[in-house]
Each structure stands twice: as structure tokens, then as C-alpha cells.
Protein chains: 2
Amino acid sequence: MNVALNDINQTEITRLRVACSNCNLRELCLPVDLTPDEMARLEELSNQKRSYETGDYLYRSGDRFKSLHAIRSGSFKTRVLHEDGREQVTGFLMAGEIIGLEAISTDVHTCEALAMEDSEVCELPYARLAELSREIPSLQRHLYKIMSREIVRDQGIMLLLGSMRAEERLAAFLLNMSQRNAIHGMSATQLRLRMSRLEIGSYLGLKLETVSRAFSHFQEEGLIQVKARAVEILALPKLRAMVGK
Amino acid sequence: MNVALNDINQTEITRLRVACSNCNLRELCLPVDLTPDEMARLEELSNQKRSYETGDYLYRSGDRFKSLHAIRSGSFKTRVLHEDGREQVTGFLMAGEIIGLEAISTDVHTCEALAMEDSEVCELPYARLAELSREIPSLQRHLYKIMSREIVRDQGIMLLLGSMRAEERLAAFLLNMSQRNAIHGMSATQLRLRMSRLEIGSYLGLKLETVSRAFSHFQEEGLIQVKARAVEILALPKLRAMVGK
DNA sequence: GGGCTATTTTGACATATATCAAGTCAAACG
DNA sequence: CGTTTGACTTGATATATGTCAAAATAGCCC
């Protein structure tokens with residue numbers, strides 16, 4: 001749930017994402033009125049830093065939940081493993097985004113998160129965040145909002161996944177990647193995908209061949225330029241039109 | 001998002017639902033330790049009551065969000081209307097359940113809720129609930145949990161919808177209805193569905209004919225006995241097996 | 001109860017996606 | 001530099017679901 005298809009529905013998308021580079025909670029604070037003192041206390045929470053290499057686990061299913069993590073560099077995917085060993089990708093998390101929210105309720109992670117490339121994260125101990133939010137009502141209210149907005153976002157996904165066809169899903173995915181790139185100051189049209197066709201398919205509920213065909217078809221139509229994982233978006237408006245906006 | 005497919009994944013399902021008949025927040029309080037005094041204050045919130053006839057709106061898209069509602073009797077559906085007039089059902093809410101959570105973040109309802117039959121609800125003014133939660137830390141924490149558990153639940157839906165086929169979706173739906181029936185002290189096998197095949201299809205992302213065929217097929221297989229909207233579940237374990245558990 | 005209407009079921013066919021199987025391409029490695 | 005390996009693309013076919021149409025059924029009003 002860390003990643004949302006319906007982001008491309010052009011509602012605000014900044015939300016939980018940390019737009020500034022030093023991995024504090026500025027984005028999270030932005031819409032709430034905090035005093036400089038409160039702000040400082042909030043930023044203190046995110047001072048630690050840790051490195052992960054490609055394939056390393058940030059957390060595994062069953063791990064006790066202690067903290068959220070803000071991704072400073074690199075990217076992660078979250079997944080669940082089914083009994084039969086199949087992998088189901090549930091989200092992609094990029095630099096500047098916060099990961100781990102899904103475990104707040106259970107205190108235990110229900111999926112695993114692993115680095116898709118060498119990455120760095122800052123820890124946000126949840127206990128201290130909650131504690132702080134009890135002292136700062138506007139922060140508390142904001143956390144509520146963040147969480148329930150996640151709900152709305154996912155509801156959006158549900159609606160979309162139920163009714164979207166393969167190419168619409170892929171269009172939504174590309175627009176989502178584009179927007180998240182743009183938020184963090186990178187190109188909105190030049191994408192370097194970190195994930196394989198198989199992973200994209202798993203995330204979108206499609207087979208890798210279907211994903212590949214959709215890429216090819218988009219290229220034929222002049223919507224994008226594909227070169228393996230380097231994708232250039234040529235016709236952003238047309239892609240938007242495909243997903244209904 | 002008020003309704004979840006993955007409830008049938010046999011995790012706990014009591015959650016937000018109010019199991020006792022007088023529509024207080026007992027279910028909501030249950031897992032938290034409240035003093036009798038705190039409990040009393042909480043129950044005060046749900047004293048009001050209002051009636052709705054079939055087709056009445058509990059709220060509409062765009063309405064200002066003021067309160068949650070606990071359904072004392074009857075049932076509601078939530079939906080969004082697309083530009084072209086198509087209706088998309090996003091949830092079914094039954095007696096004993098709480099509706100409206102999706103609007104907390106935006107302060108405005110993003111979908112509309114209307115009665116599927118004559119119904120009664122109690123209002124839970126959100127401001128007072130939030131205020132109270134500030135004074136009662138364990139309640140605050142519980143609200144966090146409820147909300148983020150909604151997240152997990154919806155994530156479950158996302159996973160399911162992406163990979164489940166028509167009959168699996170219907171099986172999940174039936175099991176969900178069964179469980180919710182059971183929670184509120186009704187039969188787990190004798191279901192009186194309040195919604196049409198069209199609404200079920202809209203909710204599950206299927207066409208009504210597909211829903212109907214799935215019902216028929218289940219009956220042929222001896223899994224259920226169908227008589228219009230009266231459905232008897234004959235082979236609960238087999239249905240469970242269909243959805244992976 | 002009889003007729004009316006909406007709902008549900010069923011059938012025939014169309015389309016989208018999955019499946020199976022080659023074949024291509026590119027990075028990694030000796 | 002050739003080989004290997006994994007990822008990606010493309011093609012042929014199968015299967016699931018959607019679409020269109022008609023018949024059957026149930027609920028409702030008089």
C-alpha cells in the first residue's frame with residue numbers, strides 16, 4: 001500500500017512523501033502548524049541512517065514493528081510470499097518516501113521489504129512519533145489524516161484494479177512513477193525503472209508477457225519510448241486520458 | 001472500504017464492528033482498557049438515533065464530514081458515481097457496523113452512502129470522538145489501530161482483486177457475508193443478501209451475468225443453495241479452500 | 001390471484017488476458 | 001571475443017470474462 005495507482009488521479013500527491021533531501025519529516029509537517037521547537041523535535045526523530053545492499057531485507061514478514069523508515073536513496077519493494085513460494089509485489093518505494101506504515105496496527109510486519117538497489121534509510125521510531133503526537137495535537141490529527149488518506153488511496157486502487165484493463169493499469173503505473181520522480185526533483189518523462197517486467201506484472205496483477213506487450217504497444221502508438229528499463233514518456237496527456245483524467 | 005474481501009482470510013474480524021445491540025462503542029472499546037468512567041463517556045457519544053428509508057442518503061459525495069455512524073438496523077451501500085453516470089459500489093455496511101471512516105482525512109465525503117432497506121443509525125460525532133481520544137491515550141492508540149487496520153484490510157483486497165478470478169471473488173464475498181452475519185449473532189450459513197447481482201458485480205469488479213453464472217456453478221457443485229437473494233452455504237470449508245485458506 | 005415489472009438465469013459469441021513456446025537482446029564472465 | 005545467463009519480446013493458442021440477446025423467475029401492485 002505504499003504505492004498507489006490512483007495517485008495519477010491528480011489529487012494531491014505530496015502527502016507522506018518527504019520532498020526535501022535530508023530525510024526529515026518536513027513533508028509530513030508541512031500541512032500542520034508546528035512551532036519551530038516542535039518542528040525541531042520532529043526532525044530529531046529521523047537522524048539515524050543505515051545502508052542496505054541490493055536484495056537486503058529492510059524488514060521481513062513477522063518482524064516486530066518498531067519504526068517507520070524514510071528512504072534517503074535507492075528504492076525498495078514490498079512483497080508477500082504465498083505458501084507455494086510465489087511472490088506477490090505489493091509496492092515500490094522510492095527515495096524520499098516513507099515505508100512501513102502497514103504494520104502500525106499489528107505491531108508486526110505482514111509483508112517484507114527488500115532493497116531493489118543499494119539504498120540508505122533513516123529510522124523513525126514509531127513509539128517516539130506517537131509519543132510526540134500526543135503532545136502535539138496538530139501532529140496527531142495529521143497522522144490520522146495520513147493514515148486514513150492511505151485508506152482512501154487504497155480504495156482508489158481497489159476501484160481501479162477492478163475495472164482497469166492491462167494497458168490502463170500500465171498507463172497508471174507509468175504516470176505514478178512519473179509523478180513520484182517529479183516530486184523528488186527528477187524528470188517527469190525520463191524514467192529509469194528499477195523493477196523487472198515480472199515485478200511490474202506481479203504488482204499490477206498481470207503476467208509479464210502482458211506487461212511487455214503493453215509496453216510494445218504503447219511504443220507503437222508513440223506514447224512512450226522503451227529501451228529495456230529506460231522509459232521515456234512522449235505523450236503524457238494521452239496516458240492521462242487512458243486512466244480517465 | 002468499509003467492507004473487506006480479505007476478512008475471510010480468517011484474521012480477526014471484530015474490529016470496528018459493534019457486536020452488542022445498543023449501538024455503543026463496546027466493540028471498539030473491547031480491546032482497550034478503559035475505566036468505567038471513560039467507557040461511559042464513550043457510550044454517550046452514540047446516543048442519538050435516526051431513521052432512513054430504502055434509497056435514502058446517509059450522506060452524499062461532497063457532504064461535510066462531521067461524524068461516523070453506527071448502523072443499528074438495516075444496511076447501507078457506499079458508492080461513487082462516475083462522470084458518465086455509472087455507479088460503482090465500494091462497500092456494503094450491515095447492522096452493527098460503523099460507516100463513514102473514509103472521510104476522516106478530507107473532512108468531506110468522497111462517496112455516497114444510501115440505505116438498501118429501511119434502517120436506523122446512531123451518530124458518533126467525530127470531533128467529540130477525537131477530543132475524547134486525546135484525553136484517553138488508549139483510545140487514541142486504538143483509533144490508530146483501527147484506521148491502519150483498514151489499510152491492511154484494503155491492501156488485502158488489492159492483492160486479491162489483482163489475482164482472483166470471478167468465482168474466487170464471489171466465494172470471498174459469500175464468506176465475508178457469512179462471517180459478518182455470524183458476528184452479529186445470525187446464521188453463518190443462511191444468508192439474505194440485500195443487494196442485487198448488479199451491485200455485487202459492481203463491488204467485485206464483475207458483470208452481473210458473471211456473478212449469476214458463478215452462483216449457478218456453485219450450486220451445481222453443491223457448494224451453496226441459491227434461491228434469488230436467499231443463499232444457503234452448504235460447504236463452507238470448500239468455499240474457504242477456494243480463497244486460499 | 002393475475003398481470004406487470006425488475007431481476008435473474010441462460011445461451012451464443014466476442015474480446016482480453018493467460019499460457020506455452022520460441023526467439024532476441026544485453027549484460028556478465030571466462 | 002565468444003559464451004553464458006537472465007531478461008525481454010513476439011507468436012500461436014487456450015481460457016476466462018464481457019457483450020448481446022432472450023427466456024425464466026420473483027416480487028409487487030391492483
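As the structure is a prediction and not an experimental result, all values here were calculated from the model. Naming convention: chains lettered A, B, ... in sequence-line order (proteins, then strands); numbering from 1 in each chain.
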**Q** Give the ring-plane orientation class for A/His109 versus A/Tyr59, where under 30° counts as parallel, over 60° as perpendicular and anything between as tilted.
**A** parallel
**Q** Does A/Glu167 have any salt bridge (Lys or Arg N to Asp or Glu O under 4.0 Å) partners at least two apart in sequence or in another chain, and if so, which?
**A** none
**Q** Of B/Thr210 and A/Glu167, whose closest DNA chain C nucleotide lies nearer the 5' terminus?
**A** B/Thr210
**Q** I'd like to know if the side chain of B/Gln88 pairs up with that of B/Ser202 as donor and acceptor (distance under 3.5 Å, no hydrogens or angles considered).
**A** no
**Q** At a heavy-atom distance below 4.0 Å, which nucleotide of DNA chain C is the first touched by chain B, and which is the last?
**A** C/dT7 to C/dA12
**Q** Just checking, B/Arg194 and B/Phe92: is the charged tip under 6.0 Å from the six-membered ring centre and within 45° of the axis?
**A** no
**Q** Just checking, any donor-acceptor pair under 3.5 angstrom between side chains of B/Ser75 and B/Glu117?
**A** yes
**Q** So for atom CE, which belongs to B/Met186, do other residues, nucleotides or ligands contribute more than 12 heavy atoms lying within a distance under 6.0 Å?
**A** no
**Q** List in numerical order all residues of residues 190-198 of chain B for which some heavy atom is under 4.0 Å away from an atom belonging to DNA chain C.
**A** B/Ser196, B/Arg197
**Q** Do you see a donor-acceptor pair shorter than 3.5 Å between the side chains of A/Ser73 and A/Ser119?
**A** no
**Q** Through what angle, rounded to 10 degrees, does the axis of the helix from C/dG1-D/dC30 to C/dG30-D/dC1 turn between its ends, using five pairs per end?
**A** 30°
**Q** For the base of D/dC20, is there a side-chain donor-acceptor partner from B/Glu209 under 3.5 Å away?
**A** yes
**Q** In residues 211-225 of chain B, which ones come under 4.0 Å of DNA chain C, going by heavy atoms?
**A** B/Ser212, B/Arg213, B/Ser216
**Q** How would you list all residue pairs meeting salt bridge (charged side-chain N to carboxylate O under 4.0 Å, His left out) that involve residues 49-62 of chain A, not counting sequence neighbours?
**A** A/Arg50-A/Glu123
